[in-house]
Amino acid sequence: MQRILAATLALLVLSSASASAQSGRESSHDQMLALLAEIDEREPFGTQYLQAADHQRQRVRDLPHQVGLMQQTAMIQRLAEAELRAARPAIAFEHLDEVARNVELLTASKRLRLTMMSRFWMGAFFLRQAMVGNCRGAEASERCTLPIRPGQSLPDQEALKDAIENLTTVVNLTQPEVPEHMAGQWLLNVAHMLGGDYPEGVPRRHRLDSTLLDGAAPTFPVFRDVSADIGVDTFSSGGGMAADDFDGDGWIDMVLSSADLSDNIQYLRNDGSGSFEDVTAEAGLIGITGGVNLTQADYDNDGDLDVFVVRGGWLGELGRHPNSLLRNNGDNTFTDVTLDVGLGDNHYPSTAAAWADYDNDGDLDLYVANDSGGERGWHSELFRNRGNGTFEEIGSAAGVRGAGQAVGAAWADYDNDGDADLYVSYFRGQNRLYRNDGESFVDVAAELGVADPKHSYTVWFWDVDNDDDLDLLVNSYRTPQVAIPDLWYYAASLLGRSQPGDTPRLYLNDGEGGFLNATEEYGLGRVMLATGANFGDLDNDGFLDFYVGTGYPGVEAVIPNLMYRNRAGTAFQDVTWAGGFGHLQNGQAVVFADYDNDGDQDVYGRIGGLLPRDRFRDALYENPGFDGNWLAIELRGEQSNHFGTGAVVRAEFKDGDVARTLRRIVGGTGSYGANPHRLHLGLGSAKHLERLEVLWPASGERQIFRRVGINQRILITEGSDTVATLQQQDAAPTR
C-alpha cells in the first residue's frame, strides 16, 4: 500500500508541474529533440578522429626545418595512422607512400623500423577493408566469427591478398619479441582464417597453434547467431542495450542505442512468437538519438520500466551531450522527461549509469559515471530520488564525485550491512569502492586491495564461487604504452609472452569484509581489451559465466569477443572457439536473457565500434539447451521499489547429493549491457528448492518459502506468503 501511495503522489506532483501536464511533458520532450539534432549537426559522428588527424597534420607542418628526416618521416607515419582512424584511407595512403619514399633515403637501421610500421598499418587496413566489404548480409556473423566454418571464407580475396602480403613482410622483418611482430603474426593468421586456408596457408614459423585459441572441451555445443532470423540484426556503431519486459506481457523486449548521435534509439518488441518487431515510431521515440550506453529502472514506481540513456562518453569537450530519462507511459510509449525531473542541468561526457536504492527509502537513486578529465571541474553525479518524480544531485555531499575518467559503475551490498555500496571503475587511475556508511560514502578500494586494474572498464558484483557472498569482476580495457598498438598486448598474452598490459581482476569476497585477488587462479590473467561484458548462466549449472565484447577504436583492433564458462566455481574455461562466440568485429554491450521463454539464457551482443567504418550488425546467440533445470523469479515490491532492484535472493537445493546455495541480486548486471530484472537461476539436477529466501532492500523483510517447484517462472510480492506461478514447463530445456 505504501508503494501505491508513493506512486500516486509522484503522478500528482508531475501532473501539477504546469497547467497542462501533457503539454509540459511534450515541451521537455521536444526540447530534447531539438537539442540532440543541433548537436548532431554541429558535431557529426567521427568528429574527434577528424580533429585528431587535423591536429597531427598541423604538427607535421610546424616541424622546424632542422628536424632530421627520420623524425619527420615518423611524424608523417603517425599522421597516416590518424587518417586511417578518421576514415580517410586515400589521404592516409598518400602519406604512407611519402613514408616509403623517405625510407629509401635513410640508413639501413632506421629504414627497418619505418618500413615495418608502414607495412603493419597497410596490412591492418587491408584486413579491415576485407572484413567491412565481406562480412555483410545473412552470413555476416559466420564470415567474421572464429572459427570460420567450412564454406564461410570471404568471397572477395583481393583485400586479403594485400593484407597477407604486407603482414608477411612485417613478421619477416622483425624478431618474435618485437611488439609489431606479435600483432602482425596474429593478424596474419586471422587473414588466412578468413581466406579459408588456415592453418596450412600460414608459413610454419608464423603459424599459431589452434590450441592457443580453442580452450574448450570439444563437446561444448555451438550457439548459432539467429539475429537475422528473428529481426534483431540491427546495424549501428555499437552503444547500449537493455533487455526487459517493457510492455508487461511476459516476454523480454529490447531497447538499443548507438554511439552515433545520428542513429535513433530502437525499441524492439518481442511478439511472443520467436521474433521481434521494431515499434520505435509507435513508441514516440523518433528523434531520441545516440547513446554510448543505457540502462532501465522503474524510477517513479508506477509499475513499468523506464530507460536512462547515457551520452558523450570518450569525446571529452565534444561529449557535452545531455543524457535522457525516457519515462514509460504504460501504453507502450515513452516520453523524454530529463529536463523536468532534474537530470538535465549539467551536460558532462557520460559513460555509464547504475540504479540503486542506496538510502533504503523505497525509490531508486541514480549514479552517473562521467569523464571529469581532472581539469574542467566536471565530475560524476549521484542523483537522489526525492520520491515525487524528481531528483537532486548530491555527489559532493555524499563523497562520490571522484575526479577522473569514470567508465563503469555497479551497486551491491558487498559487506552485508543492509545498504548498497558502489564500485566505480576508471580509465587511467585507481578505481573506487565506496562503502555506504548511511549518511555518506567512504572509498575503501585501496584499503581492501581492489583499486586495480589501472585501465578499467565494465564491472559487476556476483557470487562466482557460490559461497554466499558477493565477489567482484573488473575488466581491463587499454594498456600502458600509447606508442604501441594495444593489439600487441592481446597477441602477446595469447602467445604466453611477457607483457605489461592490464588484465582483468577477479576479487573473491573473503566473507569478512575483504577481498582476495584470484585472477590467475581462475585462469583470467590475460589481456582482453574489454569494451563491454556481462554475465549469466549458459548451461543452467548454477555457476555464472561471462561474455566479453572486445576491441578499441583502431583499424588494427581485430580481436575476437570472448566467452568464459565457469567450471564449478573454481576456474574459467575459454569456450569462445567451441561455442562459436568469437566475433571479430568490435563488441559493445552484452546481455544474457531468455528471449524465447524456453528456460535457458541466450546471449545478445551489440556489435560495432566508434570508428565510422566499424558499424556492424548485432548478434543474438541462441542457447542450444543443456541438461539443467531452472527457475525464473520476478519480484514486486510494496515498501521497496516496484521491481525489487537490489533485493537479495538465496536459493538452497540439492544437486544430486550435493547441497548448494545460490545468491543473486535483482538488477545486478554488467555496466555495459543491462540484463532483465527477472532473475534466472540454473539449478543443475535439482528436483525442487529446499528453501527460497528474498531479502527486500527498503523494508528489510526476509521472506522464506519451502519446497518451491522448478522449471517455471514465478512472482513473489513483498509481504505475501504465497508464490504465484506465471509460466510452467514440464522439463528442462533440452534440444
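By convention here, the first residue in the shown sequence is residue 1. Side chains included, hydrogens not; waters and symmetry mates left out as well; all remaining heavy atoms used.
Among F535, Y564, F581, the one residue that satisfies the ring pair (Phe, Tyr, Trp, His ring centres under 6.0 Å) test with F546 is Y564. Here the options are N332, D247, T333, the test is side-chain hydrogen bond (donor to acceptor under 3.5 Å, both in side chains), and the partner is Y267; only N332 passes.
In this model, a donor atom of one side chain and an acceptor atom of the other lie less than 3.5 Å apart for N329 and T335. For the 3.5 Å distance criterion, the side chains of N323 and T338 fail to qualify, holding no donor opposite an acceptor. No side-chain donor-acceptor contact under 3.5 Å links S380 and N370. Side-chain contact, D260 with S258: no donor N or O sits under 3.5 Å from an acceptor N or O.
Under the rule for a side-chain contact (heavy atoms from CB on, under 4.5 Å), the partners of D225 that lie at least two apart in sequence or sit in another chain are S141, S227, A619, Y621. Under the ring pair (Phe, Tyr, Trp, His ring centres under 6.0 Å) criterion, W251 pairs with no residue, sequence neighbours left out. Checked against side-chain hydrogen bond (donor to acceptor under 3.5 Å, both in side chains), S425 has no partners two or more places apart in sequence or in another chain. Qualifying side-chain hydrogen bond (donor to acceptor under 3.5 Å, both in side chains) partners for E282, counting only residues two or more places apart in sequence or in other chains: none. For A243, the side-chain contact (heavy atoms from CB on, under 4.5 Å) partners are I252, M254, V591, A593, Y595, P676, not counting sequence neighbours. In this structure, E41 has no side-chain hydrogen bond (donor to acceptor under 3.5 Å, both in side chains) partners at least two apart in sequence or on a different chain. By the side-chain contact (heavy atoms from CB on, under 4.5 Å) test, S257 is found to be paired with I265, L294, residues two or more places apart in sequence or in another chain being considered. Partners of Y198 by ring pair (Phe, Tyr, Trp, His ring centres under 6.0 Å), not counting sequence neighbours: none found. Listed by chain and number, the residues in a ring pair (Phe, Tyr, Trp, His ring centres under 6.0 Å) with F246 amount to none (sequence neighbours excluded). The salt bridge (Lys or Arg N to Asp or Glu O under 4.0 Å) check on R311 picks up nothing, with sequence neighbours excluded. Every residue meeting the side-chain hydrogen bond (donor to acceptor under 3.5 Å, both in side chains) condition with R57, not counting sequence neighbours, appears here in chain and number order: D54, E83.
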Stepwise, does the side-chain contact (heavy atoms from CB on, under 4.5 Å) test hold for D537 with D539? CA-CA 6 Å; D537 188 349; D539 47 8; 3.0 Å; yes

V337 vs Y299, side-chain contact (heavy atoms from CB on, under 4.5 Å): CA-CA, chis, key distance, verdict: CA-CA 12 Å; V337 297; Y299 85 94; 3.7 Å; yes

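Without hydrogens or angle criteria, T531 side chain to G587 main chain gives a donor-acceptor distance under 3.5 Å.
Applying the side-chain hydrogen bond (donor to acceptor under 3.5 Å, both in side chains) test to residues at least two apart or on different chains, the pairs with a partner in residues 286-296 are D244-Q296.
Among all heavy-atom pairs drawn from Y457 and V407, the shortest one is CA-CG2, 3.7 Å. In plain terms, the two heavy atoms of N270 and D253 that are nearest each other are N-OD1, 2.8 Å.
The ring of H583 has its center closer than 6.0 angstrom to the ring center of F616.
Between R678 and D594 there is no salt bridge, since no side-chain nitrogen of the basic residue lies less than 4.0 Å from a carboxylate oxygen of the acidic one. With salt bridges taken as basic N to acidic carboxylate O contacts below 4.0 Å, one links D618 and R606.
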